[in-house]
Structures are given as C-alpha cells and as structure tokens.
Amino acid sequence: MGFLDAILGRSKPVRPDLDQLFALPSAAVTLQAGAGLTPTGLGSVCFASVEGGAFTQLQQDVRALLDADTERGGEPVEFSRDAYGYTWLLARQPPEDTAALVNDLHAVNTLLQEGGFGPQLLCSLMGFRGADGCSLALVYLYKRGTFYPFAPVAGTGDKRDNGLELQVRALLADDLRIEEDLARWFPVWGAPGL
C-alpha cells in the first residue's frame, strides 16, 4: 500500500486464501458438538459466468474432474443458474466425509482461479442441518478470504435466524476466519446445497 492510499484511507483487498477451506472439517466437528448441526454432504461454488470457449472448456474440465467417481457410485455434479444469472456448481459427498466435499470445492475454486477466472468467483458454501430441521450454510467469501454463517428460516421466504448465525460465529471463532463486517453476511436465498 502506498503513501497516498494510506492518506486517502484506501486499503488493499485481502487476497483469497483457498486453503482456508480446509478448516471446514474441524469446524463441522465444532458445530456438531456445540450446536447439534451436522453436515448434509452438500456444497456449492458460485461464480459469474463469462462467454467464450475457454470458460466452457474449463466448466467441462471441472465436470470431468468431479464426476470421475460416478462409475463407483459417486454423485455427478450439477450446474444451475440463479435468478441473478450466477452459475452454481453443486457437489455431493457422504455427509460424514466432509474432507472429500472440501477437496471438491477447493478443486473447483483452484481450477477457476488458475484458469484466469478468479475474479468471477463469488463464494463457496457447505450445508448443515439441525435435529430440529433448521438449515445453515458456512459461506466462504472468495474476495474477502473470510467465512460467515447463513441460516434461512424454512418456509418464510426471506427471513434469517440471526440468533443461530451469531451463535455459530461465536462457536467457530477459533476454527475459521469469520467475516467481521456483518453487512457482508449476504443472504444466499435458494442456494444449491442449502
């Protein structure tokens, strides 16, 4: 950061650290012990699509990589678009194998980043469910290098369980780099894997 940036109050953005995703399995253990939330085995990556052959080829490479185990009973990945035009990739693994799910999410993020499409990456999430049926996602903000909890209340359309989100923030303070700015805890309504 330069002198002029310091005077004007500008700061450099945090560089994404995809290795932060590897903290999710230990966070899952903490969530299960502290809040009774268990992994669903679902995770997704959201990115802004771009037109062109290179991006299409990269999507095919991602599909080929993650679908390599479908012949042995693995679940194929699914691509979908949301109402805002963003593309979501949904990956599935057995709920007890959070490490495999994290490996899948990390692989997708890495392929996109190394293919020159890092700026298109928005977030990745891993889903959890409570014994009472509540849903929770741990969302990784690619451009911030931080996580935040998102807990939609089922059947309400666009209401969040803020109490649960704050409880999860406190529980995971030692496990994950939690986003401190609550205004950046964006809702991901209807995200695949939630």
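Heavy-atom basis, side chains included; hydrogens, waters and symmetry copies ignored.
- To the nearest 0.5 Å, atom CD of residue Glu96 and atom OG1 of residue Thr38 are 10.5 Å apart.
- Atom CG in Leu176 sits 6.5 Å away from atom OG in Ser26 (nearest 0.5 Å).
- Contacts of Glu179 classified as side chain to side chain donor-acceptor pair (under 3.5 Å), with partners at least two apart in sequence or in another chain: Arg144, Thr146.
- Residues Leu101 and Leu42 do not share a hydrophobic cluster, clusters being chains of Ile/Leu/Val/Met/Phe/Trp/Tyr side chains in contact below 4.5 Å.
- Smallest separation of non-hydrogen atoms from Val153 and Arg160: CG2-C, 3.6 Å.
- Pro25 approaches Val102 most closely through the heavy-atom pair CD-CG2, 3.8 Å.
- Atom CG in Leu194 sits 8.0 Å away from atom OG in Ser44 (nearest 0.5 Å).
- Residue Asp174 places its CG atom among 12 or fewer non-hydrogen atoms of other residues, nucleotides or ligands, all under 6.0 Å distant.
- A pairwise comparison of heavy atoms in Leu138 and Val168 identifies CD2-CG1, 4.0 Å as the closest pair.
- Not one N or O on the side chain of Gln120 forms a donor-acceptor pair closer than 3.5 Å with the backbone of Phe47.
- Looking at every heavy atom in both residues, Thr40 comes nearest to Pro95 through O-CG, 3.6 Å.
- Asp19 approaches His106 most closely through the heavy-atom pair OD1-NE2, 3.2 Å.
- To the nearest 0.5 Å, atom CG of residue Leu164 and atom CZ of residue Phe128 are 11.5 Å apart.
- Looking at heavy atoms from C-beta onward, Ser124 lies out of side-chain contact with Tyr142 at the 4.5 angstrom threshold.
- Looking at heavy atoms from C-beta onward, Leu141 lies out of side-chain contact with Phe147 at the 4.5 angstrom threshold.
- Expressed to the nearest 0.5 Å, how far CG of Asp175 lies from CG of Leu31 amounts to 8.0 Å.
- Distance alone, capped at 3.5 Å, places no donor-acceptor pair between the Ser135 side chain and the Arg129 backbone.
- Closest of all the heavy-atom pairs between Gln167 and Ala35 is NE2-CB, 3.9 Å.
- Cluster membership for Val188 and Leu90, using ILVMFWY side-chain heavy atoms within less than 4.5 angstrom, is not shared.
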Determine, step by step, whether Leu18 and Tyr140 satisfy the side-chain contact (heavy atoms from CB on, under 4.5 Å) criterion, reporting the C-alpha distance in whole Å, the side-chain angles of both residues, the deciding distance to 0.1 Å, and the verdict. CA-CA 9 Å; Leu18 292 177; Tyr140 176 73; 4.2 Å; yes
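- The side chain to side chain donor-acceptor pair (under 3.5 Å) search around Glu78 returns Arg92, not counting sequence neighbours.
- Between the Lys143 side chain and the Cys123 main chain, no donor and acceptor come within less than 3.5 Å of each other.
- We find the OG1-CG distance between Thr30 and Leu37 to be 11.5 Å, quoted to the nearest 0.5 Å.
- Leu172 and Phe22 fall within a single hydrophobic cluster, where Ile, Leu, Val, Met, Phe, Trp and Tyr side chains are chained together by heavy-atom contacts under 4.5 Å.
- Here the side chain of Lys159 pairs no donor or acceptor atom with the backbone of Ala154 at under 3.5 angstrom.
- A parallel orientation is assigned to the rings of Tyr148 and Trp185, their planes being inclined by less than 30° (bins at 30° and 60°).
- Legend: ring pair (Phe, Tyr, Trp, His ring centres under 6.0 Å) pairs involving residues 75-98, not counting sequence neighbours: none detected.
- Both Phe186 and Leu182 are part of a single hydrophobic cluster, where members link through side-chain heavy atoms under 4.5 Å apart.
- Remark: the backbone N or O of Leu105 is paired with a side-chain donor or acceptor of Asn109 at under 3.5 angstrom.
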